[in-house]
Amino acid sequence: MSQVSDSQQKVKFYQTGTFTAGNRLLDEQHRSVQATMDRCNSLDSGHRACQGCGEALGARYAIDAAMRATGNQLIAANATGCLEVFTTPYPETAWSMPWIHSLFGNASAVASGIAAAMKVKGREDVRVIAQGGDGGTTDIGFGCLSGTFDRNDDVLYICYNNQAYMNTGVQRSSATPGAARTATTMPVGENPGNVFGTGKNVPLVAMAHQIPYVATASVHDLHDLEYKVTRAMEVRGARYIEIFVPCPLGWGSKPGDTVKLARLAVESGMYPLIEAEDGEISGVTRIRNRVNVEEYLKLQRRFAHVLKPANANQLEQLQAIADRNIKRFDLCRVEEEQL
Amino acid sequence: MLKQIEGSHAVAEAVALCRPEVISAYPITPQTHIVEDLGTLVKDGTIENCEFLLVESEFGALSACIGSSAAGARSYTATSSQGMLFMMEAVYNASGMGLPIVMTVGNRAIGAPINIWNDWGDSMSARDAGWLQLFVESNQQAVDVHIQAFKLAEELSLPVMVCMDGFILTHSYSQVDIPEQSQVDEFLPAFEPRQVLDPAAPLSMGAMVGPEAFTEVRFLGHQKQLDALDLIPQQAAEFEAIFGRDSGGLIKSFESEGAETVVITLGSVIGTMKEVLAGMRDDGHSIGALTIRSFRPFPSDALRAALKDAKRVIVFEKCLAVGMGGIVSMNVRMALKDSDTLVQSVIGGLGGRPITRAGLRRMFEKGLRDELEEPHFHDINMDIVNRELEREKQQRRSGSVAENILRDGGVVAAAKTI
Ligand SMILES: Cc1ncc(C[n+]2csc(CCOP(=O)(O)OP(=O)(O)O)c2C)c(N)n1
Ligand code: SF4
Ligand SMILES: [Mg+2]
């Protein structure tokens, strides 16, 4: 582990160990582009997210990709949560797109209403997205979300999954992993942290609604994220994308480790990247450089207790979850073939 | 056109005439027939250019209306009772955002104990939510006030509830004059909001507002309601000019001018009351009545003026602020705080308890003798209450109150014999 204190952490402008061939070696259309004159910057600078906020990064790339895919004909409905709060401190807004916040649990219903309005106005070229955190999606907004899926409304719902209720001070949600420390699952007593065997996998639940498109993405692979959002916008009907967004404040990680953590979550098997069409898995992102979950856990204070010898069984359980994901979604086939 | 139709169907036809663009609702008795009929009218093409959303809950229903209204579509929903409570967070949100949604409330009691029959508990639970609340007396008025509601909502940029007694109005058949489309089009212009969600002119709606401006936002909401006190009578007059009917307005007098005693109420119960009071006037009593048609905003000035000669007011209301007393009477007392008029509070018709002419007459006569307790529970069966109180005294931990009461009332006993 790094001996450098948080405040002195070295700034790195490159990633290592990513198998990245380098942007310049790719042909034009496959290159990741950070900034161009015509990038819409729908989520503009000046917002108040914490340093290293994965949600801000994910939202910026997801929304800009959706803007590009729709020729900037896009409206967003936002659930209450960090993304809403840090982007719209009165009387400012960081959104340079039509954006509405109503409540914590109704973003998808509000978006369904907007989509209905666009339909009657003959403006079906205008597309609608709903977005919220994991709490606003998998817990309190779950009923409305399921309703939007059920009706197959023309809405893309994007969930920024940072695995807890961050905006209210890091409480457990149904997306919080086993053993994780949150303010409501403290690492005390027997089986410290969040209990195992609870929670729900909303991408799979979304698939069970047979909606046309479901995908998971992660902020370490922005190119893949942009591809999935673009793909989603090619389809009409209800679509769901969940983006894995590390939260330095809630996870007790270094702001500079956000992208690394997102990558380690995927490469350990803790967060599988999948795509599904009409309820069937249509693609998975293979792990190229498999790591043990410990590599992922050790950079986060929320899992510090897991690495103590007394809690070895928790580490085993987390590894078992990663192993099961890898087996279930066949995440390591390429690697095995290569060996 | 004159039709002999069900109240719910009449409302559906009225809403259809208002050219709604998005309708979103969830089933609950006694509001259901309205949205069922609207669903058919959308499907069969009677209502053109309208999206009908079948949602998963009342919370989803009103939330969808929030989205569609913010995007510039005329939006409508309806609910009752538990549905109102289930959507309550969105109820406050819609008014806070100034979205001109129209919602019918088929007034029904709130549980527990679950009860599908009429009282005003649901509308009253939202009385401070920032919506206009217009109560109607008949199905004709339900039709007329819905048409006015859209215009009011869109002029004020505030949502409006049209409150109609469940079953008594929603499920009763009566003769209703359904206006012509051309009349409605003349009265109600197209919805042209000043700001909408539009990629051509991006804006952020519903952003957080802190202590630095929240008071001002609330003040403006209050001010808009006060503005409605002028607008409501104005639009009722415009409506009368086109449709030839007196519907809407703030209050309505039924021979209350100059009467010594004035009965105040809301909604359809005035129908029964009018007959009782006519009989009492024939017997020499100086008594009239007045209905409050706009409960929010509350027409304090209009009431004061109308009651300036009254010695005694009897407020009859189908709702109760538990631990406090009457809700309407509390508001009436506030309006009359500087006058000597005696205000008596009568709570009746809760959970659909029938309101009979004989019962009303007995109660009014008691009122004329100034013998009504504060508040007076109309037609209450004190035997049931006392038996329950007795039981509770004997044993601190008795069973469910509702169970005991049902046993006393004979329902459980009867069910066991089946
Ligand atoms: C009905 C309701 N309940 C609770 C809250 C409080 N609340 C606001 S944001 C939030 C947490 C948001 O968590 P999540 O959706 O995961 O988004 P994050 O902040 O983590 O991005 C909570 C609990 C609320 N605003 N409304
Ligand atoms: S608490 Fe987490 S999600 Fe919220 S702004 Fe900070 S880093 Fe982002
Ligand atoms: Mg979260």
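We use all heavy atoms of the structure for the numbers below, so side chains are in, but hydrogens, waters and symmetry mates are not.
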Donor-acceptor contact below 3.5 Å, side chain B:Ser8 vs main chain B:Thr170: yes
Contact origin within [X] toward chain B - heavy atom pairs under 4.5 Å:
| X | result |
| --- | --- |
| A:Glu92 | neither |
| A:Ile75 | side chain |
| A:Ser102 | both |
| A:Ala77 | neither |
| A:Asn78 | neither |
| A:Val128 | neither |

Most chain B-contacting option - heavy-atom pairs closer than 4.5 Å, from A:Val110, A:Val85, A:Leu74: A:Val110
Contact winner vs chain B - A:Ala117, A:Gly122, A:Ala111, heavy-atom pairs under 4.5 Å: A:Ala117
If I measure from the heavy atoms of chain A, does [X] come under 4.5 Å with its side chain, its backbone, both, or neither?
| X | value |
| --- | --- |
| B:Asn93 | side chain |
| B:Val55 | both |
| B:Leu54 | backbone |

Selection from B:Ala70, B:Gly210, B:Ser63, B:Ala200 maximising heavy-atom pairs under 4.5 Å formed with chain A: B:Ser63
Closest non-hydrogen atom pair between A:Met97 and A:Met67, with its separation: CB-CE, 4.0 Å
Residues B:Ser81 and B:Arg108: side-chain donor-acceptor under 3.5 angstrom: yes
Pairing residues for A:Phe142 by the ring pair (Phe, Tyr, Trp, His ring centres under 6.0 Å) criterion, not counting sequence neighbours: none
Pairs flagged by salt bridge (Lys or Arg N to Asp or Glu O under 4.0 Å) wherever residues 47-67 of chain B is involved - sequence neighbours left out: A:Lys119-B:Glu51, A:Arg151-B:Glu56
